[in-house]
Amino acid sequence: MIEFQNVTKKYPNGTIALNKVDLRIDDGEFVFIVGSSGAGKSTLIKLMLREETANSGIVKVNGKNLGKMPRYRIPKFRRSIGIVFQDFRLIPNMTAYDNVAFALRVTNVPSREIKRKVPYMLNLVGLASKMKCKPEELSGGEQQRVALARALVNSPSLIIADEPTGNIDPELSYEIVDLLNEINKLGVTVVMVTHEHDLVEQFNHRVITIDKGEVIRDTEGLEANVC
Amino acid sequence: MLNSFFYLVKQGFKNLWNNHLMSLASIGVLVSCMLLIGAAALLSINVSNIIDELEDQSEAIVYLDDDLSEEWINYVRENIVATGKIATIEFISKEEALYSMMESMGDDGILFEAYSQGDSNNLPDSFRITFDDVSDLEETLAKIETVDGVYSISALTEVAEVITGVKRMVYIGGIIIIGLLIAVSLMIIGNTIKITVFSRRREVNIMKYVGATNGFIRLPFIVEGISLGVISGGISYGIIYFAYDYLVKWVSSQNATWFSQIITDLVPFSVISDYLLIGFLAGGAFIGLFGCVAFIGKHLKV
Ligand SMILES: Nc1ncnc2c1ncn2[C@@H]1O[C@H](COP(=O)(O)OP(=O)(O)O)[C@@H](O)[C@H]1O
Ligand SMILES: [Mg+2]
């Protein structure tokens, strides 16, 4: 569960990126966060990851008050979250397999488990046949699926994606969101930032709209209304 | 635990190899610094060796009042030794003094023959002392002079002053030079780490987001820093080993020049080689570690 209570974020240069934001995302939800460039979407994400801290208000993720979390607890906290970025952030000289394995290798996961989990995840995102390819040999969509496999490989309960389709051809964007959708069906909470309205409309999910650092609209998806 | 540890240590060595141009440049500068440090150390070791020899040779004669009892003489001896700066002390009776004077005059010594009879020898009893530390010699001598039964002292205090001055200069100069060079070495390591952090910012960023601990994120850089230091230390030791060996041989072959008047022999390399090797390797590792730890926080926001 993610909870923002009256959260304000002001950057040192004076920019108020978020202004008194209240929101709540329950476990198992799929939420789009939309808004124009500079609205404060990425700042919202950074607060959820404890990359930034709020100037006032409370940010809680998975029951933990991030404002009160000591620094040494941050790594463990982040292992419970899978993160995907617009620019994929793959390591160029590593194969798809190694890129996914990297997340496990640097967090004390035994190698037996790595050998089991990595192929499983690459298979899940439909890249089993491209395990040995380097990022440059993959399309944008495929690279983002590698990144998604990496985000999932630690078995997180929450996936946070900041404009994951921003660098991908529109036809392939749908596939990525669809994949996130499938992952959500497995019980993983998904928070996805985007400014592509067409894409949002193809899925019936909750949409939170941010403008100038404030939540101006919060609409439930159709599915939610059905039950 | 060990799994990730070894993986990241390996990454550190890989960095070293992948950035081999940068690594070579850093090793080059570090070796230069270490050679200068080594040369400064060897120079000061040899200078203080020469000074020690001069100190050993510096002596003073403490003349005693006439007709002191044996107990009194012992009392004076104890008080001289109590100053704590004395290497050797030797009692010279008035008879011995006369004999050695006669001896030093060779054939003319016979002229003093008459004084050895009866009470006519009016040379004083004395102590010949040598010092193991001539700093504050004036003070030491003043202390001895106040002892009851001491008549006067003769010593070359000017020489002692020069020795003390040189010693202090070598000491302070050595510390300043070595300090500066260590600072330069730290900057070099820091700079290398900065460049490596930059070239690996993607990995660092990912490690941060997948929840690698700070220690693990730093580990490859620390491995790289320590390796640079230790490799440079090893190379520097090798170079000094051959260069100093050559110098020792050259110096001992220079008989009968002005040079050999001052320096008879350098301190042999074997005397210092172990310290030098340990110093270079440990110092290199320390500089690598410290340079890394000191600068990494600035470039690595984890
Ligand atoms: N590190 C920062 N320092 C100062 N201002 C920032 C920083 N990051 C973002 N901002 C500002 O905060 C506002 C919101 O930015 P951001 O959250 O990145 O918006 P979005 O992701 O919706 O485009 C913008 O005006 C941006 O310029
Ligand atoms: Mg953004």
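Between the CD1 atom of A:Ile81 and the OH atom of B:Tyr209 there is a distance of 11.5 Å, given to the nearest 0.5 Å. Between atom CE of residue B:Met207 and atom OG1 of residue A:Thr107 there is a gap of 9.0 Å, rounded to the nearest 0.5 Å. Rounding to the nearest 0.5 Å places CZ of B:Arg202 at 10.0 Å from CG of A:Asn93. Interatomic distance, B:Lys208 NZ to A:Leu49 CG, rounded to the nearest 0.5 Å: 10.0 Å. Taken from CG in B:Leu8 to CZ in A:Arg105, the straight-line distance is 10.5 Å, to the nearest 0.5 Å.
Within a 6.0 Å sphere centred on CE of A:Met69, other residues, nucleotides and ligands contribute more than 12 heavy atoms. Atom OH of B:Tyr241 has 12 or fewer heavy atoms from other residues, nucleotides or ligands within 6.0 Å. When the shell of 6.0 Å around OH of A:Tyr120 is examined, it contains 12 or fewer heavy atoms from other residues, nucleotides or ligands. Residue-environment remark: CZ (B:Phe290) stays at or below the threshold of 12 foreign heavy atoms within 6.0 Å. Taking a 6.0 Å sphere around NZ of A:Lys46, one finds it holds more than 12 heavy atoms contributed by other residues, nucleotides or ligands.
The shortest side-chain heavy-atom distance between B:Ile206 and A:Arg150 falls under the 4.5 Å cut-off. Here the side chains of A:Asn108 and B:Phe216 are in contact, with some heavy-atom distance below 4.5 Å.
A:Lys68 pairs by the side-chain contact (heavy atoms from CB on, under 4.5 Å) definition with A:Asn65, not counting sequence neighbours.
When heavy atoms are compared at a cutoff of 4.5 Å, A:Ile74 does not approach chain B at all. When heavy atoms are compared at a cutoff of 4.5 Å, A:Phe85 approaches chain B solely by way of its side chain, counted from C-beta outward.
Contacts with chain B were tallied for A:Asn154, A:Val106, A:Leu104; A:Val106 has the most, counting heavy-atom pairs under 4.5 Å.
The contact list for residues 109-118 of chain A toward chain B, using heavy atoms and a distance under 4.5 Å, reads A:Val109, A:Pro110, A:Ser111 by residue number.
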